[in-house]
Structures are given as C-alpha cells and as structure tokens.
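Lettering of chains follows the sequences in order, A, B, ..., and the numbering in each one begins at 1. For clarity, every value in this text was computed on a predicted model and none was experimentally measured.
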Amino acid sequence: MDERYDFQKLESKWQKRWEETRPYGSTTDPAKPKFYSLAMFPYPSGNLHMGHVRNYSIVDVIARFKRMQGFNVLHPMGWDSFGLPAENAAIKHQIHPSVWTWDNIANMRRQLKGMGISYDWDREVASCHPDYYKWTQWLFLEFYKHGLVYRKKAAVNWCPSCATVLANEQVVDGACERCDTPVTKKDLEQWFFKITDYAQILLDDLDKLTGWPEKVKIMQRNWIGRSEGVEARFQVEGTEDDITVYTTRPDTIFGVTYVVLAPEHPLVAKLTEGTSYEAEVKAFVDKMKGLNEISRTSTDTEKEGMLTGAYCVNPLNGEHVPIWIANYVLMEYGTGAVMGVPAHDERDFAFARKYGLKIQVVISPNDQQLNQHEMTNAYTEPGVMVNSGQFDGIDSKTAMVKIAEFIEKQGYGLRKVNFRLRDWLISRQRYWGAPIPMLYCEKCGVVPVPEKDLPVMLPTDVEFKPGGESPLKTSSTFVEAVCPCCGGKARRETDTMDTFVCSSWYFLRYCTPKSAEKAFERKDTDYWMSVDQYVGGVEHAILHLLYSRFFTKALRDFGYLNVDEPFTNLLTQGMVCMHGSKMSKSKGNVVSPEEIINKYGADTARLFILFAAPPEKDLEWSEQGVEGSYRFLHRVWRLIQHYQELITAADKKANSGAKNAVDNAALDDAARELRRITHLTIKRVTDDIATRFNFNTAISAIMELVNACYAYRDQANQNAQVVKEAVSTVVMLLAPFAPHITEELWEALGNTHSVHLAAWPSYDPAALKQDEITVVVQVNGKVRDRLTVPAGLEAKALEEQALKEPHIQPYLTGKQVVKVISVPGKLVNFVVK
RNA sequence: GCGGAUGUGGCGGAAUAGGCAGACGCGCACGUUUGAGGGGCGUGUGGGUAACACCGUGUGGGUUCAAGUCCCACCGUCCGCACCA
C-alpha cells in the first residue's frame, strides 16, 4: 500500500473499478431476500448541495450495510427533471429547457459518482425523458378510465401582468414573484385527480405505517382534515331558496343568531339583486375577490362582514335570523355557508361583538349560569343544554347526537363527513412538463389520446418569451391534431401535468426501468415493492408522500400492484445548517460539496456528515469537524500500515499449516481485551445501524476500536490473529461510511474481493465476557467508591464485599444502615440515617 | 391560537429498560517527536476548591434507595398548520 493516504488517486481508482465490475447491480430474484432503499430523487438544479450529500450518504450506508448482510439490494437514482426553473432559464438565457436540464443532469451525475454512492446506474430514470413521460401519460389515462380524472372550472392564482397561472409557492406576499404584480384569482378549466375519493383510506391506512415518523403522519392527518358534522337547510324568508350550512356542532343550533355566506356563494347576488344592499354588497364581494387567499384567510385578518338584507329561518326553533356575508367564510370548504353561534364559537363571538349581533346561550357550564351580556369569550366546552326546546337539560355531548338524528328525521338536513383535502389540480400552463394526453374535437368533445399514440411528445418549435402565454399554444404542429374517433379536426390540450404527478410513481419505474411495453412489470414490482427504507426531507411530508400513497392505492385497485402503501419505512432527515440556519444562497452560508470533496475527499465528506448528528436532526456544518474526520481516516490508514507486516507474516505462517482459530482462554489479558472490544464494537455498530440509524454513535464506536488498536501497539507479545481480526473489523465496519479507503485497505490486508460484498461480521458472545467488572458503591445515592469484583458476583456477596470497603467507612461510621440496594453487575447503594 | 420537535461542558453531540452524566469528536492546555513550522504520538480538560466538601442536564415542584431519563406546572428556541365552521 501507498505510504500516504492519497484520497484523490484512490477514490478515482475505486470509482473506475466499480464502473467496470458493477458490484451494485441488482436483478429481480425471488429466491433472495430483497431490500429496496431509496432517496427522494432530486430536481436537477445543476449542482449537488449539502442536503443532497447528506440524504444520499444516509441511504448509501443503509444500502451497503444491507448488501453486506446478504440482501439483494435495489438502490437506484434518477431525476425529477420537469419543472419551472428550466423554463425560466430558457427565457433568461435563451437556452432550451431540455438542453439546460440534460446539462445539469450530466453534471450532477458526475458529482454523484464522485461521492461513491452505490447506485445501480443501469436503472437511472429521468421524468423528462419521453420513455418515462410516455408512462406518466399512460397513467393519466388509466386514472381517467377509472373515473379518477375530471375537468372543471377552478379559481387559480393569476398574474395579470405575466398573463399566467402561478403556483402557490410563486405567490410572495400576495404578489407575483417575478414582476411584483398583485396576484388575483381567475376561473379556469383545469384537470383534477380525484384524490378525495381516497381521503378516508389515506387517513385510515396511516395507522398501518408504523415505520413512519409520527410527525409526518400527524401532518397528513391534519391535511386530510376529516370532520363529522351535519348539513342543515335554512329556508330563505319569502323565497323558494334555502341555504345549507355545515356544522360540527349541531348541539349549538338553537343558538344561531345569524347565518354567513362566503362572498363567492352563488346566492349572494340573487339575495341582494334589486335591493338597497346590492351595490354595497357587490363592492364588498369584488374587494374580497381581489385579495389573495393568504391575506384573506389569515387568523390575523380582521373579521369583516356585511348584511345582505335577507333573512332565513332556523328550522329547529323557527327563529328569523339575518343573512350576512363575511371574509372568514370559505367557499371551498363545506357548503360555503355557516351558522353563527356567537355564544359558543370564538370566531362568531368576535364577529357578533363587532357588528352588535345577538348572543344566545344554549349550553351552560355545569356549575354556573352564563350571561350573554357579560360574556367576554365564547363558551366552547361541553355543558348542559338550555334554551333548546325539547333538548333542555341533557348534556351537550348527548344532544349533539340527538339533534343530528332529529334533523335527519325531520328532513331538515343530513349528517355529513367533510374533508379539508381538495382534489388535486394537475394542470399547468407550462411547457416543461408531461403533456396531458387529451384532445378536444368539435364533434366528439373531450377525447383521450389512444394508448398507441403515446407519448404525446413535447414539440421543439416553441418560443420562450417573458410574459407570454403557455409556449405550447404557439406550436401549431402540436396544437393541431386529428380526432381518433371521427378523424376530424381536433385541438390538443396545451396544459402539462404538475411535476408531482411524475414523482408519484418513479419508485415503480425503478423496478422495471427499461420496459418499452409497460410502465412497470408485475413480476418486478411484486418482488421489489414496497420501498423498505425511504429517506428525504420533511418538506415532502404532505404533497409528494400523499400523492405517492394515492397513486399506489389507486394502482392497487386497478389491479396493477399488490401493495397498497409505497413506503414501509420513512426517515425524514434534518437540514444542513451553518451559523444556526439552513444553508441557502440567500443567507450566503452555503458550502459547496464539490469543493469539500476536492479538498478532503468523498470519504471524509461522507464520514463527517454522518458523524456530526443523528440523521433526523439538523446538522451544524463545521470545517473543523470535517478536518477531524479527515484526520481519523489518516489515522486508520496508518493503523493498517503499522500492522501490515505483522499480519502478512502471520498469514504466511497460517498457510504453512499453523492453527487459525482463536482460543479466547489462551490469550493474554491485553489480547483478550482487544478481542473483547472488537466484538463489542461489532455488536454496537450493527445495532446502531440496523435498529436506530444512529450513524454518529456507530462511527464513535469504530473510533474507539481504532484507539484500542493503537493502544495495543505497546504490547510486548502481539497476537497477530487478534490484531488481524481487529483491524479487519475496523475496515468492514467502516466500509458503508467510507467506501473508497476501506476498499483500498481491504486489499492491503490481502483480500481479493470487494469489501462491499464481504459478509458483515457477527460478534462472538463468548468474546464479550469479562472476568472482572467494576461496580459502583453509593451511600445515600452518591458515588463514594468503585469496586472491582468477579463478573458473576451475586447481590448478597456484592453487598458484603462493598461493606468492607475502607473508602466508604467514613460515610457509615456513627450512622445506621437502614436499607441496602444491591444490583449485581451495577452497584451497591447503602441508605444510612 | 393549534400541533410537533427541542433544551446536557467553550462547540457538535453520547448516555439503547430509572443505576458512575458528559462516550466519541472539535477546540484548548501541556508534554514528546522535529532544525523550525505543520503533522504525528501521548496526557489533561463540566464548574468549584490548596485539597476536600459541594454544585451541576432550561425553570419550579413531585415520585424513588437512585431522575438527563418517570409525573405535574412553567419558560425559551426551532419547525409545521393557520378563520376548515
């Protein structure tokens, strides 16, 4: 081996070797136990950042560890390569999105290879490649066939200056991020995925996901937002119309003193038409429509409302109550109309106080009487029903059920389950996305593109201009099409799909990356799915993870999959920070992975990032810490260098017939201790990786073993076998973390096969046994002495021996021992008075 | 406001089932090697004290022979969600 640890030479040597010998290849083989490890595939922005390095290092440790444990490991990589940045680059630099994207992919692939991640590169996919988006389109059609895709008019964020729809993320403080123009709502015909059909099952099955962080499951539960309540009809006075309100508190319905409609509610115009309220109400509605959702629906926003002049009737008590409109009622949720019960709802209370509306108490706390004039807050707790006709006197929780039943029985309304989850709007007025495979024929209407015509290719004759409309509309070769039904003229859909559609099934494509016949082959997905370990940032807790679950469940229902959850175990990694905040260009605290790798090597970069914090916690970047990892690898290098001669000599002797097995009893104390630490380290590192993902403590354990190997250098009669076992163990345990240097050292130790295909070591329990151990002697819970005793010493004997210890006598003399706790192998505690 | 996470030396972090707080690393100090520097090797390093005593895991209570760990009540920081009727 080289004198010096020349990481550059050695890392490129092994990367080249891996390219040639493909030790990380994977094939479907039902005879072998499989392990599917996956990092969320990246958007090819151009360069890896530290978050990527962390993400992929974590997954690589798991993949390499499982591979050494004998699993058939699938560890693929690909590119989430459609999306807006490519289009912006096209406009800014007049470079085609495709060119920009593929250049970025090439660069990031090079950077990834420089990290030495054990990907099966034969399975690489890119969502912007026609071979991939053909199947994204096919899936769209499958969902359409099964009634899970529909088209409707929806209000979207609209920038009047750019004449385009904006994603919510592109709306900054209510204005367009590019031109600062205030964003408005616009009604547009859009394609939707009917994810709400799966709301209940997506919610229920969260309980199955025992390998997911509780935090992510809670976020999904809240996002789905199931609530049980009642829809009740209030007749509008003097008309045939009625208003259906949704409430989760039917027990408060006798306390309704007004009803509120969302400004967008279809009845608003009708109720006020031709009345003295018309002009004012219209002005209010227009004002609300001009506001974006964020400022409109913030809790901080002052509640604003206006009387419509119309009245409606509470079906339960016949009360006539005024109809208002207000900013805080949302058309998108429930029925767009709510009943106002100021006595028992905080919002209603604030609204009623502001506009001088009546407050009617219908639930009384068990121990006091509420006075509507003296209340400073709504009373939202359960209590006893009052002023509620036949329901008076019963407790409100019971009344909740009884009133709901009564409403149904009387035909006033129905019980209803509502979800906050909305259908998924997937239309984007963009170029760089998968074209939606639909046609509009004057005669036949909306017609899906036949499967044989897929993919609908993105055209190249398009222009990228700032502020223009969707570039696809400018391509006549794209827009003009033939109707597959009647052969007549048809117009092609020019919207593309949200990139989240592409990323909702990529983990399936990895199982069958090259198939020209199918999106994925059943035999492959049956074997590889579900993903055994998925790792990514918590920012995907809702959208990507929910959409992928939806896709998996739908495809299972269509009969294409035999699993109904895509990701068995999920790890959400923490952020990479510097000076206490997340590394970001805007904060100016980014460290380039490529520079670090050039300066210290990939092994050092990986080791540091895994050592500095447990994976799910935020990590504070420290160049000094990186240097520490760098030093450690040098230290390992020199350790093997130091012992190489001893080991080689012993190997020669072994080959000439000397005995090879280690007899623990025959070892001297120092050798036995080194062997004990070796096996203890195997146990600790295996546990840390397999059950806890605590790579930081796994690495510290390896460091301790290295320190022990160093300490052994001073021994007079060194046992070559024990040394060989110790340093070989160091190399094997370190292999998942630092794959290049360990490969080199493994070779130096005389091995001819890759360390990454070596069997993960197992520990010998007999080697862990100690003859003597240290126990603690306490007096009243305070440590007063330590005692070396034979390992198996029982409680009583331990107590007797401890009692004789001279060091603790001062604490016992003149006192009375009232109690003794003796825990064998741990401690003795004398309780004295 | 609601939900979640989190709080331990100068710093990153350990302590896996209630049993020696501070593993491992960084930093710092000293010694040694070297012509010097760097690097290596080694020793020390929570506060406090001459040495003990003693104090120490955000704060205040509690349970226990024993609490970073369990219970109760607070406080700070970070991250989600945010008028969902």
Side-chain angles (χ1 to χ4, degrees), chain A residues 213-219 221-223 225-227 229 245-249 252 260 262 294 296-303 326-330 332-341 345-348 350-351 418-422 538-539 541-542 574-575 577 580-582 607-608 611-614 616-629 631-632 634-635 638 684 687-688 691-692 694 696-704 706-707 710-711 713-714 774-786 818-823 825-832:
Chain A
E214 206 52 43
K215 174 192 178 162
V216 173
K217 289 193 276 187
I218 288 168
M219 282 168 80
R221 265 185 211 113
N222 293 343
W223 187 262
R226 185 182 195 274
S227 83
V245 299
Y246 175 71
T247 179
T248 54
R249 291 291 305 273
T252 66
V260 198
I294 294 133
R296 159 99 185 265
T297 61
S298 161
T299 324
D300 306 329
T301 308
E302 176 83 0
K303 285 169 189 40
N327 58 348
Y328 72 90
V329 180
L330 309 172
E332 297 85 38
Y333 185 75
T335 59
V338 299
M339 57 189 213
V341 187
D345 181 280
E346 290 296 350
R347 273 167 324 195
D348 296 348
F351 192 75
N418 262 333
F419 293 95
R420 292 175 62 178
L421 182 69
R422 318 275 164 80
V538 74
E539 65 273 15
I542 295 170
M575 298 182 296
C577 300
S581 55
K582 185 185 178 174
L607 192 68
F608 167 72
F611 178 61
E616 71 280 4
K617 295 231 187 94
D618 288 352
L619 180 152
E620 178 68 19
W621 183 263
S622 148
E623 181 114 4
Q624 283 180 330
V626 175
E627 280 171 11
S629 296
R631 272 204 293 273
F632 171 69
H634 275 95
R635 198 168 148 80
R638 285 190 305 268
R684 287 173 66 187
D687 288 351
D688 279 348
T691 63
R692 304 201 306 162
N694 277 12
N696 54 335
T697 52
I699 294 167
S700 359
I702 299 169
M703 286 171 169
E704 287 181 69
V706 168
N707 292 346
Y710 266 85
R713 286 179 314 174
D714 302 333
T774 304
V775 296
V776 168
V777 184
Q778 297 179 333
V779 177
N780 285 344
K782 285 197 179 12
V783 179
R784 295 304 182 189
D785 200 7
R786 292 184 171 83
V818 294
K819 196 174 179 182
V820 182
I821 285 95
S822 179
V823 184
K826 288 221 169 112
L827 56 73
V828 181
N829 186 13
F830 295 102
V831 185
V832 301

task: Please state the P separation for the pair B/A29 and B/C75 - nearest whole angstrom.
output: 42 Å
- prompt: Within the structure shown, what part of the strands sits under 4.0 Å from A/Arg221 by heavy-atom distance: base, sugar-phosphate, or nothing?
  reply: nothing
- prompt: Using a cut-off of 4.0 Å on non-hydrogen atoms, how would the nucleic acid contact of A/Phe419 be classed: base, sugar-phosphate, or nothing?
  reply: nothing
message: Using O4'-C1'-N9-C4 for purines and O4'-C1'-N1-C2 for pyrimidines, with syn meaning within 90° of 0, is B/G31 syn or anti?
response: anti
query: Quick one: A/His634 NE2 to B/G38 P, roughly how many Å, whole number?
result: 17 Å
message: Rounded to whole Å, please give me the gap between CD in A/Glu620 and P in B/U77.
response: 18 Å
task: For A/Asp688, enumerate each residue passing the salt bridge (Lys or Arg N to Asp or Glu O under 4.0 Å) test, keeping only those at least two apart in sequence or located in another chain.
output: A/Arg692
query: Does the side chain of A/Arg422 get closer than 4.0 angstrom to OP1 or OP2 of B/C84 through an N or O atom?
result: no
query: With a non-hydrogen cut-off below 4.0 angstrom, is A/Val776 in contact with a base, only sugar-phosphate, or nothing?
result: base
field: Neighbour count >12 (heavy atoms, 6.0 Å) for atom NZ, A/Lys217
entry: yes
- prompt: Quick one: does NZ or CZ of A/Arg635 land under 6.0 Å from the six-membered ring centre of A/Tyr710, within 45 degrees of the ring axis?
  reply: yes
message: Does B/G39 have its OP1 or OP2 closer than 4.0 Å to a side-chain nitrogen or oxygen of A/Arg638?
response: no
message: Between B/C2 and B/G46, how far apart are the two P atoms, rounded to whole Å?
response: 42 Å
Between the protein and nucleotides 28-34 of chain B, are there any N/O to N/O pairs under 3.5 Å, and if so, what are the atom names and distances?
none

- line: note: A/Asp618, atom CG; B/U77, atom P; distance rounded to Å ~ 17 Å
task: Taking side chain to side chain contact (heavy atoms under 4.5 Å, CB included) as the test, write out the residues that go with A/Asn222, two or more places apart.
output: A/Ile218
- prompt: Who are the ring pair (Phe, Tyr, Trp, His ring centres under 6.0 Å) partners of A/Trp621, not counting sequence neighbours?
  reply: A/Phe608
query: Distance between the C1' atoms of B/G3 and B/C20, in whole angstroms?
result: 39 Å
task: Take the protein atom CG of A/Asn780 and the nucleotide atom C1' of B/A67, then report the distance between them rounded to whole Å.
output: 16 Å
message: It should be established whether A/Arg420 places a side-chain nitrogen or oxygen under 4.0 Å from OP1 or OP2 of nucleotide B/A85.
response: no
query: Does A/Lys215 put a side-chain nitrogen or oxygen below 4.0 Å from OP1 or OP2 of B/A5?
result: no
- prompt: Which whole number of Å gives the distance between the P atom of B/G48 and that of B/G56?
  reply: 15 Å
- line: Which of A/Val783, A/Ile821, A/Asp785 passes side chain to side chain contact (heavy atoms under 4.5 Å, CB included) with A/Gln778? Answer is A/Val783
- prompt: What residues, two or more places apart in sequence or in another chain, satisfy side chain to side chain contact (heavy atoms under 4.5 Å, CB included) together with A/Ala350?
  reply: A/Lys303
message: Wobble G-U and Watson-Crick pairs count when both distances are under 3.5 Å; given that, what is the 5' to 3' dot-bracket string of RNA chain B, with | for pairing to other strands?
response: (((((((..(((......[....)))(((((((.....)))))))((......))..(((((..]....))))))))))))....
Pull out every protein N or O sitting under 3.5 Å from an N or O of nucleotides 15-19 of chain B, one pair per line with the distance.
{"from": "B/A15", "atom 1": "OP1", "to": "A/Arg692", "atom 2": "NH1", "distance (Å)": "3.1"}
{"from": "B/A15", "atom 1": "OP1", "to": "A/Arg692", "atom 2": "NH2", "distance (Å)": "2.9"}
{"from": "B/U16", "atom 1": "O4'", "to": "A/Arg692", "atom 2": "NH1", "distance (Å)": "3.4"}

query: A/Asn222 has an atom CG; how far is it from atom C1' of B/G1, in whole Å?
result: 14 Å
- line: Residues at least two apart in sequence or cross-chain that pass salt bridge (Lys or Arg N to Asp or Glu O under 4.0 Å) with A/Glu346, listed by chain then number, are none
task: Tell me which nucleotide among B/A85, B/C24, B/C81 gets nearest to the side chain of A/Ser700.
output: B/C24
- line: By ring pair (Phe, Tyr, Trp, His ring centres under 6.0 Å), A/Phe632 pairs with (sequence neighbours left out) none
field: Between B/G80 and B/C11 - C1' atom distance, rounded Å
entry: 28 Å
- request: Could I get the full list of salt bridge (Lys or Arg N to Asp or Glu O under 4.0 Å) partners for A/Arg784, not counting sequence neighbours?
  value: none
field: salt bridge (Lys or Arg N to Asp or Glu O under 4.0 Å) against A/Arg420, all qualifying residues, sequence neighbours excluded
entry: none
- request: Answer yes or no: is there a donor N or O on one side and an acceptor on the other, between the side chain of A/Asp618 and the main chain of A/Lys582, under 3.5 Å?
  value: no
query: Given the P atoms of B/G39 and B/C78, what is the spacing between them in whole Å?
result: 37 Å
- prompt: When rounded to the nearest Å, what value does the distance between C1' atoms of B/G68 and B/U49 take?
  reply: 26 Å
- request: Please evaluate the base of B/C83 for a donor-acceptor partner in the side chain of A/Lys303 within a cut-off of under 3.5 Å?
  value: yes
- request: Indicate, with a heavy-atom threshold strictly under 4.0 Å, whether A/Gly334 touches base, sugar-phosphate, or nothing.
  value: nothing
task: Mind checking side chain to side chain contact (heavy atoms under 4.5 Å, CB included) for A/Arg631 and listing every partner two or more places apart, or none if nothing turns up?
output: none
Rounded distance (Å) that lies between atom P of B/C84 and atom OH of A/Tyr246: 12 Å
task: Taking the side chain as every heavy atom from C-beta outward, state whether A/Thr252 and A/Met339 have any pair of such atoms under 4.5 Å apart.
output: yes
Whole-Å gap separating C1' (B/G13) and NZ (A/Lys617): 8 Å
- request: Report yes if a side-chain nitrogen or oxygen of A/Arg631 is closer than 4.0 Å to either non-bridging phosphate oxygen (OP1 or OP2) of B/G38; otherwise report no.
  value: no
- request: For B/A67 versus B/G58, give the span between their P atoms, rounded off to a whole number of Å.
  value: 15 Å
query: When the distance from CE of A/Met703 to C1' of B/C26 is rounded to whole Å, what number comes out?
result: 10 Å
